[in-house]
Amino acid sequence: MASLVHHVTIDCADTYRLGTFWAEVLDAKLGDDDHPGDPEALVEAEGVAILFVAVPEGKTIKNRIHFDIQPTDRNRDEEVERLLSLGATLVADRRRPDGSGWVTLADIEGNEFCVERSAAERAATTS
């Protein structure tokens, strides 16, 4: 039998704050036993569990791994605006005139992630 990925773990400075940000991004919630100042916080969303762990050092280089997120109930551009309003910052805009491409954002601690087109947007360009 092979191994399973139990959590995706992200090192961070403030587990509760970063966990709360990602819970809002994923329309999920922090664990009931997670509180400000805790050394760990867990977000369980559909299809993924993300564990935030406090570490003393800050982020200094580009992520070696990152999330590609796909909106489910809005288009990519609306999702980018929503995430910016939650505190994300724009890193790179890779949207193309034909509607393809993605937007790279950073979360509130500087971790990069990409926002892709929704399934509906993808389907509209293939029909």
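Both backbone and side-chain heavy atoms feed into the values below; hydrogens, waters and symmetry mates do not. Residue indices begin at 1 and follow the sequence shown.
- Checking each of Gln70, Arg122, Arg76 against Glu116 for a side chain to side chain donor-acceptor pair (under 3.5 Å) leaves exactly one that passes, namely Arg122.
- With sequence neighbours excluded, the residues forming a side chain to side chain contact (heavy atoms under 4.5 Å, CB included) with Ala106 are Thr89, Val91, listed by chain and number.
- Criterion: ILVMFWY side-chain heavy atoms under 4.5 Å apart, direct or through other members. Under it, Ile108 and Leu51 are not part of a common hydrophobic cluster.
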Practice task
Give the intermediate values and the outcome of salt bridge (charged side-chain N to carboxylate O under 4.0 Å, His left out) for residues Asp93 and Arg95.
Solution key: CA-CA 6 Å; Asp93 190 336; Arg95 290 176 278 199; 2.6 Å; yes

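- The two residues Thr15 and Ala41 have their closest heavy-atom pair at O-CB, 3.6 Å.
- Qualifying side chain to side chain donor-acceptor pair (under 3.5 Å) partners for Arg74, counting only residues two or more places apart in sequence or in other chains: Glu79.
- By the criterion of side-chain heavy atoms lying less than 4.5 angstrom apart, applied directly or through intervening Ile, Leu, Val, Met, Phe, Trp or Tyr residues, Val55 is not grouped with Tyr16; the two fall into different hydrophobic clusters.
- A donor-acceptor distance shorter than 3.5 angstrom exists from the side chain of Lys59 to the backbone of Ile61, with no hydrogens or angles considered.
- Residues passing the side chain to side chain contact (heavy atoms under 4.5 Å, CB included) test with Ala92 are Arg94, Thr104, sequence neighbours excluded.
- Every side chain to side chain contact (heavy atoms under 4.5 Å, CB included) that Ala45 has, sequence neighbours left out, goes to Leu26, Ala28, Val48.
- Listed by first and then second residue, the ring-ring contact (aromatic ring centres under 6.0 Å, His included) pairs that reach into residues 78-111 come to none, sequence neighbours excluded.
- Side chains of Leu42 and Leu30 form no contact here, defined as non-hydrogen atoms less than 4.5 Å apart.
- The pair Arg17-Glu109 does not meet the salt-bridge criterion, since no charged nitrogen lies less than 4.0 angstrom from a carboxylate oxygen.
- Note that the CD1 atom of Ile65 and the CD atom of Glu112 stand 12.5 Å from one another [nearest 0.5 Å].
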Problem - Intermediate values then yes/no, side chain to side chain contact (heavy atoms under 4.5 Å, CB included), Leu83 and Ile69 - result: CA-CA 11 Å; Leu83 299 174; Ile69 63 171; 3.6 Å; yes

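- By the 4.5 Å heavy-atom criterion applied to side chains, Val53 and Ile10 are not counted as neighbours.
- Considering every non-hydrogen atom in both Cys12 and Phe52, the closest pair reads SG-CB, 3.9 Å.
- In plain terms, the two heavy atoms of Ser85 and Arg82 that are nearest each other are OG-O, 2.6 Å.
- Applying the side-chain hydrogen bond (donor to acceptor under 3.5 Å, both in side chains) test to every pair with at least one member in residues 18-45, sequence neighbours left out, gives these pairs: Trp22-Asp107, Lys29-Asp32.
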Exercise for the section: Apply the test side chain to side chain contact (heavy atoms under 4.5 Å, CB included) to residues Val25 and Phe67: give CA-CA distance (whole Å), side-chain angles for both, the deciding distance (0.1 Å), then the verdict. Expected result: CA-CA 12 Å; Val25 169; Phe67 297 125; over 6 Å; no

